[in-house]
Amino acid sequence: MPSGEYDPVTVEAKWQDRWVDEDTYAYAEDADAVDPDTAFSIDSPPPTVSGSLHWGHAYGFTLQDFVARFERMRGENVFFPFGFDDNGIASERLTEDELDVRHQDYDRREFQRMCREVCEGYEAEFTEKMQGLGISIDWEQTYQTISPAVQRTSQLSFIELYDEGREYRQRAPAIWCPECETAISQVETEDDEQDSHFHDIEFDVVNSEESFVISTTRPELLPACVAVFVHPDDDENEHLVGEEARIPIFGQEVPVIEDDRVDLETGSGIVMCCTFGDQTDIEWYQAHDLDLRIAIDESGTLTDVAGEYAGMSSEEAREAIVADLDEAGALLDRRAITHTVNVHERCGTSVEFLVKDQWYIELLDKTDEYLEAGRQMDWYPEKMFTRYKNWIEGLQWDWSISRQRSSGIPFPVWYCEECEHVVVAERESLPVDPLADDPPVDACPECGHDEFVPEDDVFDTWATSSLTPLINAGWDWDAENGETTLDREELYQFDLRPQGHDIISFWLFHTVVKCYEHTGEVPFDSVMINGMVLDENREKMSKSKGNVVSPDEVVSKYPVDAARYWAAGSAVGDDLPYSEKGLRAGEKLIRKLWNASKLVESLTHEAPAEFDHDELHALDRWLLAELDREIDRVTEKLENREFSKARDGLRSFFWSTFCDDYLEIAKQRVREDDDDSAKYTLRTAHRRFVKLFAPVLAHATEELWRDMYGEEAASVHRAAWPEPLGVDADVAAGETAMAVVGALRKYKSDNQLSMNASVDHVLVYGDVRGFEEDISGVMHVEELETSSEGPPIESVVTGVDLDYSLVGPEFGAQVPDIESAIEAEEYEVVDGELRAGDAELDSEMFTIEEERKYTGEGEMLEAGDAVVIVRHGD
RNA sequence: GGGCUCGUGGUCUAGUGGUUAUGACGCUUCCCUUACAAGGAAGAGAUCGGUGGUUCGACUCCGCCCGAGCCCA
C-alpha cells in the first residue's frame, strides 16, 4: 500500500526498467489480431543523430506519448516505433568532430563504418534517455536510416519515381567550398561579417555615349557577368532597361533587365549578375534564362573564360583585375565596407557556386494535388495547415535530391561513358553502391558501349527521411508479382504524425509527396504540430546565448512526471517556455495524488466490490455523477489533443471537488459509521482518477495502480479507459450543498475559526435534500435545519441586468437610451415587461438585481441560490 | 525583406462578438484539521502589447505600429 512520502527517484526508475523488460508497450503483431481499425500507428520524424537529446525531443515525444497512452487505454493496438536519422550530414559531422577526421580522407564505406560506430554510441545514450523520460515506445520497433534495409527502401523509391517519370537530371548550381573542395548544403553555411571593399566600376552602354556605375565587392567575377539588373522603381535608371552593357576589360555584352530583387539601397542601385556570385544570381539565372559563364572552378582558380587571368586564384585575379580597371579608367572609386557573406561553417571560407548535374523530383506540376493531400489530413492545431499551404503555393523549384558528399545513401545509378545513358539498378539487387557494384547490364542499351561511370552523389537526407511511413509499414519490392507491397498494411495510413512546426515545409511536405506518389494515398490521418521550447524568458534556447537547460538537469531535480505535467501546459502548436514553476506545480499534484491515495487506501480496506448505485448515499451518487461528467470532458479534450485543458480540468476537479469537498466528508462517514456506500464510492472514484491521470503522470499512477488495483500485475497503461457509469444523482442539490459548505468555511475563515470548530445552529433556505448530515458532519454543525420556504429576508432592488445577446439584436441603436433610462431609474416593470425609454423588454431580456438583507437573529450567508442563517457563539 | 503564429494580473495560462475576464505559481491574512502546513480557507492584484476602424456592444473581427518565435529570402 502507498505509505510515507512518494519517492520518484526509485519509483520512476523501477517502472521504466519494467516497462522495457516486460514489453509493456509492444505492438501486438500476430496476424489474426491486427486490423486497421484497432491499430493506432504513429510515425514520428526520427531524430537526427547529431548529439545528445534536447528539450525539443523531450517535449515533442512527451506530447506524442500522451496520445499513445490514451489511445492504448482506449483499446487501440498502438504502434509507436522509433527511428534514428543517421544517414545525413549532421551525423557525418558528428563523426568528424568526435574522431577528429576528415571524410575526404576515407573511402565511402570506410567512413560510413566510422559513422556507424560513433552514431551507435549516441543512439544507445539517446535510447536510454528516451526510456528515462517514460516514453511508451515499443523498443522492438526501431530503425536507422543508414541501415541496409532503409537504403533499399530509399533506392527503391528512387527507381520507382524514375520509372514513373517523376525524376529528371539537370545541370544546376551547387554550393561549393573551395578550401575543402567539396559540395556543401545550405545548412552547412553560415553568415559571417567580413571586411571587404566596394569597387565602383563604370560600364558603357552599347551603341551609346552613356555609361553607368556598378558597385561590387567581387570584381574577379566580371568575366562571369551575364546581365545587369535595375529595380522597376528606379526612375533614374529605368531608361537603361532593354539596352546592352559592355563589361570593362572583358568586353562581353550583356542585357540590362529589370527585376524587383535589386536592392536599391546598396551601392549604385544597379547590380551585375554573374554565374554565380550569390544566391540571387542563381535566381536571376533561372528566372531570366541567362547564359552560363563559369569563371571560377572547383579549386577557386579562374578558368579560360577569364582570358588572361585564367589560372590565377580568385584573390590574385581580384588584385590584377582591379589594377587593370584602374589603368583603363573604369575604376571610379574603392572604399572599405563590412558586409555579410556566406561561408562554410567548418573553415570560414566564402562559398562559391558551381554547376553540377543534379537529380530532381518533379513537384511543380502537381502542387494542387499535394495541397489537396494536405487538406485531407486532420491538423492539430488547424491553423498550422496554413504553413503547409503557403509553402506549397510559394514553391518555385522542384526538389533537388543530389548531394555531392562522400557518404550517405548512394544513387543506384550508372551512366554510359559514351552517351550518358542512365542505367538504374535492378530492384531485386538493392541496396547497391555503384562505386563498388557493377551495373546490371554489360553494354549500354542505347549505344552498346560497355564502360559505365558510377554516380558518386548521394541522396539528400530528406529523400530518405520522407519515407518513414513506408519504412515502418514494411514497403518493399515483390519480385514475384512485380509490384511494391506493404508488409504491415494495417498501419498505413498512419493515425498520427507528430512533429514540430519548424519542419512542416520540408519534412512533412516531402513525406506527403513521396508516400502519396508511392501509394496513391495520403500517409497520415492526422498531424499534430508542437511548438518550440523556449527559455524562462520566452527566448529561444541556444548554445551561444548560454540559456540552454538540458532535460538531464531537469530530470535530476524533478520527477519525470513533473516534466510531463509541465509539457502538457500549453495549447498544442504554441511555444512553451521552460518553467521551474510549472515543474513545481507538477510535483505538487503528484504529491497530492499520492497523499489522497494513501488516505483512500486506509479508508477502503473492506470496501464492497459491488454496490447498487441506486442505493448509494446522495453525496456518493453526486460525486460519481460529477466524475462521469469529468470523464466525458477529459476524454473529449484528449481526443482533440487539448492536453492542457484535459490536465487543468482534471487537476482542479480532483483537487477541489474530490479532495476538498468529497473526501473531507466521506472520511468522516467511514470513520464514524463504517459506511459501505462511502467506501465503495471512494474506491470506485479513486480507481478512475488513477486511470485518468495515467497518460500524463505515467509513473506515479503506475505505482499506485499496481499497488492498489493491479489485478494480475497488469499495468495501468494497459487498463481500460473509464467510461461514465451513468449514475443518477440530484446534481443541483449536491451543488447547493457544496455551496453551503463553502459559505460555512468562509464564515469560519472570516471569524478566524478553525475548520473543525463547531457551529451552534445553521438554517438553510434551499434544496439540500439528502446532504444535511454531510454538511453538518464536515462543518461540525450542532443543529442543522432546512426550509423549503423563501428566506425571511428583504430584497432591495439595486438595478437591472440586461441580457445583451437578446436586447442588442432587438433594439440596436436604442440600447444606449434604454441604459440611460435604467441608470436614471426611469423605468417600470409591468406584467413582467420592462419599460424603459421608448422600449418594452420581454421578461427573458432582463433580470432585476436585488441585494438581500437579513435583519433577524444570526448572520446571513449567501450560498449560490440558497441562503444560510448561522447562529453561533453568543 | 516576405509569409505564418503568438502577445491577457508580477510570472505562466483559459477565454475567440454580449458587458463583475479562467485557473495556476507567487504575494497578504487567518487556520497545527490524526492523507497532505510542500496542506486548508479567505483576500489583494489586469483599463486583455499600442493605435485607428467595423458594431448597439470588441480581449474577441479588420487596418496600421511595436515586441517575440518559426520558416523562407
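Since the structure is predicted, the reported quantities are computational estimates derived from the model, not experimental observations.
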**OP:** Report yes if at least one side-chain N or O of A/Lys581 is closer than 4.0 Å to OP1 or OP2 of B/A24; otherwise report no.
**Re:** no
Original post:
A/Glu664 near the nucleic acid: base, sugar-phosphate alone, or nothing, with a heavy-atom cut-off under 4.0 Å?
Top reply: base
Original post:
To the nearest angstrom, how far is A/Gln668 atom CD from B/U33 atom P?
Top reply: 14 Å
Original post:
Given the P atoms of B/U20 and B/C59, what is the spacing between them in whole Å?
Top reply: 12 Å
**OP:** Check whether more than 12 heavy atoms from other residues, nucleotides or ligands sit under 6.0 Å from atom CD of A/Glu773, and answer yes or no.
**Re:** no
Subject >> Among B/A35, B/C4, B/A24, the nucleotide that comes nearest once only the side chain of A/Thr386 is considered >> reply: B/C4
Original post:
Which is true for A/Ser652 with a 4.0 Å heavy-atom rule: it touches a base, it touches only sugar-phosphate, or it touches nothing?
Top reply: nothing
**OP:** Starting at atom CD1 of A/Ile503, determine the distance to atom P of B/U5, rounded to an integer number of angstrom.
**Re:** 19 Å
Original post:
For A/Glu782, does the CD atom have more than 12 heavy-atom neighbours from other residues, nucleotides or ligands under 6.0 Å away?
Top reply: yes
Subject >> G-U wobble or Watson-Crick pairing nucleotide for B/C61 (cut-off 3.5 Å, both distances) >> reply: B/G53
Subject >> Assigned partner base of B/G67, Watson-Crick or wobble definition, under 3.5 Å >> reply: B/C6
**OP:** For A/Arg671, answer base if it contacts any base atom (sugar-phosphate contacts may also be present), sugar-phosphate if it contacts only those atoms, and nothing otherwise; contact means non-hydrogen atoms under 4.0 Å.
**Re:** sugar-phosphate
Subject >> Interatomic distance, A/Arg584 CZ vs B/A38 P [rounded to whole Å] >> reply: 14 Å
**OP:** Calculate the interatomic distance between A/Leu576 atom CG and B/U5 atom P; express it in whole Å.
**Re:** 20 Å
Original post:
Between A/Phe658 and A/His686, does the ring centre distance come in under 6.0 Å?
Top reply: no
Original post:
Mapping A/Glu587 and A/His501 to their closest nucleotides on RNA chain B, which lands nearer the 5' end?
Top reply: A/Glu587
**OP:** For B/C61 versus B/U55, give the span between their C1' atoms, rounded off to a whole number of Å.
**Re:** 10 Å
**OP:** Tell me the partner of B/A14, counting only Watson-Crick (N1-N3 plus N6-O4 or O6-N4) or G-U wobble (N1-O2 and O6-N3) with both under 3.5 Å; none if nothing fits.
**Re:** none
Original post:
When we call it a touch if two heavy atoms are under 4.0 Å apart, what does A/Gly582 touch: a base, just sugar-phosphate, or nothing?
Top reply: nothing
Subject >> d(OH, A/Tyr804; C1', B/U19) in whole Å >> reply: 6 Å
**OP:** Write down the distance separating the C1' atoms in B/U19 and B/A58, rounded off to the nearest Å.
**Re:** 10 Å
Original post:
Roughly how far apart, to the nearest Å, are B/U28 and B/G10 at atom C1'?
Top reply: 14 Å
Original post:
Between A/Asn595 and A/Tyr6, do the side chains contain an N or O donor and an N or O acceptor separated by less than 3.5 Å?
Top reply: no
Original post:
Looking at B/C72, B/C70, B/C36, which one has an atom nearest to any side-chain atom of A/Met532?
Top reply: B/C70
Original post:
How is A/Asp660 classified with respect to the nucleic acid when contacts are heavy atoms under 4.0 Å: base, sugar-phosphate, or nothing?
Top reply: sugar-phosphate
**OP:** Output the single nucleotide from B/A14, B/G26, B/G69 whose closest atom is nearest the side chain of A/Lys645.
**Re:** B/A14
**OP:** With heavy atoms under 4.0 Å as the rule, sort A/Lys748 into base, sugar-phosphate or nothing.
**Re:** nothing
Subject >> A/Lys383/A/Asp574 ion pair, N-O < 4.0 Å >> reply: yes
Subject >> Inter-nucleotide P distance (B/A35, B/G49), Å rounded >> reply: 46 Å
Original post:
C1' atom, B/U16 versus B/U8: distance in rounded Å?
Top reply: 13 Å
Original post:
Counting any heavy atom closer than 4.0 Å, what does A/Asn390 reach on the DNA or RNA strands: base, sugar-phosphate only, or nothing?
Top reply: sugar-phosphate
**OP:** Scan A/Ala571 against the nucleic acid and name what it touches under 4.0 Å (heavy atoms): base, sugar-phosphate only, or nothing.
**Re:** sugar-phosphate
Original post:
Given that both distances must come in under 3.5 Å, which nucleotide forms a Watson-Crick or G-U wobble pair with B/G1?
Top reply: B/C72
**OP:** Would you indicate which nucleotide in B/A35, B/G43, B/C72 comes nearest to any side-chain atom of A/Phe506?
**Re:** B/C72
Subject >> Paired nucleotide for B/U33 [Watson-Crick or G-U wobble; both distances under 3.5 Å] >> reply: none
**OP:** Find the distance A/Arg591:CZ to B/A24:C1' and express it as a whole number of Å.
**Re:** 15 Å
Original post:
Given the C1' atoms of B/A73 and B/G9, what is the spacing between them in whole Å?
Top reply: 40 Å
Subject >> Spacing between A/Asp574 atom CG and B/U5 atom P, to the nearest angstrom >> reply: 12 Å
Original post:
For B/U28, what is the paired nucleotide under Watson-Crick or G-U wobble rules, both distances under 3.5 Å?
Top reply: B/A42
**OP:** With heavy atoms under 4.0 Å as the rule, sort A/Arg387 into base, sugar-phosphate or nothing.
**Re:** base
Original post:
Does a sphere of radius 6.0 Å around CD in A/Glu382 hold more than 12 heavy atoms from other residues, nucleotides or ligands, not counting ones at 6.0 Å or beyond?
Top reply: no
Original post:
Is the number of heavy atoms from other residues, nucleotides or ligands within 6.0 Å of CD (A/Glu606) greater than 12?
Top reply: no
**OP:** Identify, between A/Asp648 and A/Asp803, the residue whose nearest nucleotide on RNA chain B lies closer to the 5' end.
**Re:** A/Asp648
Original post:
For B/C6, does OP1 or OP2 lie under 4.0 Å from any side-chain N or O of A/Lys383?
Top reply: yes
Original post:
Atom OH of A/Tyr578 to atom P of B/U13: distance rounded to whole Å?
Top reply: 16 Å
Original post:
For the ring pair A/Trp705 and A/Tyr709, is the centre-to-centre distance below 6.0 Å?
Top reply: yes
Subject >> Among B/C25, B/U13, B/G69, the one nearest A/Arg651 by side-chain distance >> reply: B/C25
**OP:** Determine the Euclidean distance between corresponding P atoms of B/U47 and B/C64; express it in Å to zero decimal places.
**Re:** 27 Å
Original post:
Cation-pi between A/Arg564 and A/Phe66: NZ/CZ under 6.0 Å from ring centre and within 45° of the ring axis?
Top reply: no
**OP:** Describe the nucleic acid contact of A/Lys592 in one word from base, sugar-phosphate, nothing, applying a heavy-atom distance below 4.0 Å.
**Re:** base
